[in-house]
Protein chains: 2
Amino acid sequence: MYTVKEVSKLLDLSEHTVRYYTDKGLVPNVQRDKNNNRLFDEKSVHWLTGIKNLKRCGMSVESIKTYVDLCLEGDSTVRERYEIILEQKNAALAQLEEAKLRAKFMEKKANHYLDIINQVVQDNTNPGKW
Amino acid sequence: MYTVKEVSKLLDLSEHTVRYYTDKGLVPNVQRDKNNNRLFDEKSVHWLTGIKNLKRCGMSVESIKTYVDLCLEGDSTVRERYEIILEQKNAALAQLEEAKLRAKFMEKKANHYLDIINQVVQDNTNPGKW
DNA sequence: TAACACCTTCGAGTAACACGAAGTCAATAC
DNA sequence: GTATTGACTTCGTGTTACTCGAAGGTGTTA
């Protein structure tokens, strides 16, 4: 069983965020100890992992809530859930491509600065101040 | 010369966001036509491209503003700007790794659902409802 | 001359936290 | 035995980066 602090470290989420998600009903069956402290078991961690991933795919907390509720409804919602996951998987793939381009862009930019700092004289196809 | 609508399409930003960035001073020297409409030239587009990338690296609008101002100050700030870019480049690389993991996670999830839908009976190392 | 598409400013609304106050509880420190 | 420490609680406000919509100015097409 994990405390808020422990899961937050484990999943690299802020404690605020962990509480926020649980309070919004994104994590089913979060237990409390006798002092009313949230207690997370392996299943909770599992849920939170999924939630974190869906969130980073770009899903809103509200949409994730809908998805979680569908999960709790049982087998009859499998197809509907699949559609959601499929969409988010595609979002993730698109993000991956974007991330690649962005990383390249930033590497170029950093190298550009290195060139300037090292006084490397370049040809004048240099695209400008940026 | 581009209108707000045109750059927003070109760079895949909302018109609101383009206006927001220009009004916050992130894009230097944005012209206006006789009807006071914003007009973006190639340089502006160049700036916006950089801004978009920095933003997606996780930089706040405020920090980007600081960076842009440093750019406008000239050569004396090159080293300082390099430090900023370096940090953001590393952020971009970290994001890239995260994006890879997330894409994998989502693909597994999607395949998991496909298995269920196709009634594939699996071994019981199945990790649960998720 | 009217409709349409585009632009403008401005002010309010929203999502997803982030933060801080005020308080509870249990374990250690002196 | 009290005091400090540290983790937790709830609640309510603040922040960022948009996002939306209203109200209105142009300029071209029908």
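Lettering of chains follows the sequences in order, A, B, ..., and the numbering in each one begins at 1. Only heavy atoms go into these numbers, but all of them, side chains included; no hydrogens, no water, no symmetry mates.
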Visitor: Ignoring hydrogens, what is the shortest heavy-atom contact between B/V4 and B/V7? Give both atom names and the distance.
Guide: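 In this case the closest contact between B/V4 and B/V7 is O-CG2, 3.2 Å.
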Visitor: Between D/dA17 atom P and B/R56 atom CZ, what is the distance in whole Å?
Guide: 14 Å
Visitor: Return the value, rounded to whole Å, for the distance between atom CZ of A/R38 and atom C1' of D/dC8.
Guide: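 After rounding, the gap between these two atoms is 9 Å.
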Visitor: Say you draw a straight line from CG of B/L26 to CD1 of B/I64; how long is it, rounded to the nearest 0.5 Å?
Guide: 6.0 Å
Visitor: Atom CE of A/M1 and atom C1' of D/dC8: how far apart are they, to the nearest Å?
Guide: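 The distance from CE of A/M1 to C1' of D/dC8 comes to 16 Å, rounded to the nearest Å.
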Visitor: Once you round it to whole Å, what is the distance between P of D/dC11 and NZ of A/K24?
Guide: 14 Å
Visitor: If I take atom CG from residue A/D23 and atom CZ from residue A/R38, how far apart are they, to the nearest 0.5 angstrom?
Guide: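 Separation between the atoms: 4.5 Å.
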Visitor: With respect to the side chain of B/H16, which nucleotide from D/dT10, D/dG27, D/dG21 is positioned closest?
Guide: D/dG21
Visitor: Counting only side-chain heavy atoms from C-beta out, which of D/dT16, D/dC18, D/dT9 sits nearest to A/V4?
Guide: D/dT9
Visitor: Taking the basic N atoms (NZ, or NE/NH1/NH2) and the acidic carboxylate oxygens, is any pair closer than 4.0 Å for B/R79 and B/E83?
Guide: no
Visitor: Taking NZ from B/K52 and P from D/dA17, how many angstroms apart are they, rounded to a whole number?
Guide: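 From B/K52 NZ to D/dA17 P: 17 Å.
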Visitor: Mind calculating the distance between CG (B/D23) and P (D/dA17) to the nearest angstrom?
Guide: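 Checked: the CG to P distance equals 15 Å.
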Visitor: Between D/dC8 and A/N36, is there an OP1 or OP2 to side-chain N/O distance shorter than 4.0 Å?
Guide: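 Looking at the OP1 and OP2 atoms of D/dC8, neither is under 4.0 Å from any side-chain N or O of A/N36.
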Visitor: Could you tell me from which nucleotide to which nucleotide of DNA chain C, 5' to 3', there is an atom under 4.0 Å from chain B heavy atoms?
Guide: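 First-to-last contact on DNA chain C, by the 4.0 Å heavy-atom rule, is C/dC6 to C/dT9.
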Visitor: To the nearest 0.5 Å, what is the distance between CD1 (B/I51) and NZ (B/K65)?
Guide: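 Reported value, rounded in 0.5 Å steps: 10.0 Å.
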Visitor: To the nearest 0.5 Å, what is the distance between CG (A/L48) and NZ (A/K43)?
Guide: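 Here the interatomic distance stands at 14.0 Å.
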Visitor: Any side-chain N or O of A/T3 below 4.0 angstrom from OP1/OP2 of D/dA7?
Guide: no
Visitor: Starting at OH of A/Y20 and ending at P of D/dC11, how long is that distance when rounded to a whole Å?
Guide: 16 Å
Visitor: Would you compute the distance between atom CD of A/E87 and atom CE of B/M106 and round it to the nearest 0.5 angstrom?
Guide: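 Taking CD in A/E87 and CE in B/M106, the distance rounds to 10.0 Å.
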Visitor: Give a yes or no on whether the backbone of A/E80 and the side-chain of A/T77 come within a donor-acceptor separation of less than 3.5 Å.
Guide: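 The answer is no, because no donor-acceptor pair under 3.5 Å joins these two groups.
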Visitor: On DNA chain C, nearest-nucleotide positions of A/Y21 versus A/K34: which is more 5'?
Guide: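 Going by which nucleotide is closer to the 5' end, it is A/Y21.
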Visitor: To 10°, what angle do the rotation axes through the five end pairs on each side of the helix from C/dT1-D/dA30 to C/dC30-D/dG1 form?
Guide: 0°
Visitor: How close or far is atom P of D/dG6 from atom CD of A/E15, stated in whole angstroms?
Guide: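 Nearest whole value for this atom pair: 14 Å.
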Visitor: Heavy-atom nearest nucleotide on DNA chain D for B/N37 versus B/S60: which residue maps closer to 5'?
Guide: B/S60
Visitor: Measure the acute angle between the ring planes of B/Y82 and A/Y113, then classify it against the limits of 30° and 60° as parallel, tilted or perpendicular.
Guide: tilted
Visitor: Would you say D/dT26 has OP1 or OP2 under 4.0 Å from some side-chain N or O of B/R32?
Guide: no
Visitor: Distance check, rounded to the nearest 0.5 Å: A/L114 atom CG versus B/L86 atom CG?
Guide: 7.5 Å
